[in-house]
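Working notes for the structure below.
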Amino acid sequence: MTTIALKTRSRTDWLIVHCSATRASATVRAADIRRWHLAQGWADIGYHYVICRDGTLETGRPEGAVGSHVRGFNQASVGICLVGGLDPNGKPENNFTSEQFACLHTLLGDLKGRYPGAQIRGHRDFSPDRNGDGKITPNEFIKACPCFDVTQWLASHPLS
Ligand SMILES: [Zn+2]
């Protein structure tokens with residue numbers, strides 16, 4: 001097991017949604033992602049939560065620890081990973097199950113209750129705004145992750 005100590009996070013400004021970038025047919029669980037991340041030499045799985053294809057919520061890194069999921073923002077964010085996001089050819093695709101979206105909605109409601117000041121975004125929203133128009137547009141995405149528009153989804157599924 002790991003001997004690298006995790007650091008405690010002092011603030012939570014962002015709740016950041018990711019995907020595992022695996023095909024819809026792949027039944028990936030938190031234990032698998034933890035194994036991949038440990039193999040890269042990381043202290044632990046990079047995300048705090050993993051939402052499996054069947055909508056099961058699994059815990060990753062302790063919620064109060066600094067994660068490893070978005071460059072420059074790990075000190076102030078919680079990372080949530082939806083399993084899936086690639087089509088059979090390995091291209092980005094919004095192929096998450098209704099159970100996953102339901103679980104994400106409940107989890108975000110819970111987290112927002114505990115971190116009322118935190119803003120909810122997708123990983124790709126942290127790409128640089130290259131043309132400086134104040135919007136992160138698809139041509140500027142450094143990654144497709146999480147393969148759907150989190151802000152748009154929240155607008156149509158508001159947290160109560
Ligand atoms: Zn991501």
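For ligands, and for the atoms within them, numbers begin at 1 and follow the listed sequence.
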- Thinking salt bridges, do Glu93 and Arg23 make one under a 4.0 Å N-O criterion? no
Do NZ/NE/NH1/NH2 and the carboxylate oxygens of Arg34 and Asp44 come within less than 4.0 Å?
yes
query: Should the pair Arg35-Asp32 be classified as a salt bridge under the 4.0 Å nitrogen-to-oxygen rule?
result: yes
Check your understanding: Any side-chain heavy-atom pair from Cys52 and Gln100 closer than 4.5 angstrom?
Key -> no
(message) Are there over 12 heavy-atom neighbours, none belonging to Gln40, within less than 6.0 Å of that residue's CD?
(response) yes
Correct closest heavy-atom pair for Ala65 and Leu6 would be CB-CB, 4.1 Å
Atoms listed for the Zn ion (ligand 1) (protein only, N, O or S, under 2.8 Å, no waters) are His18 ND1, His123 ND1, Cys145 SG
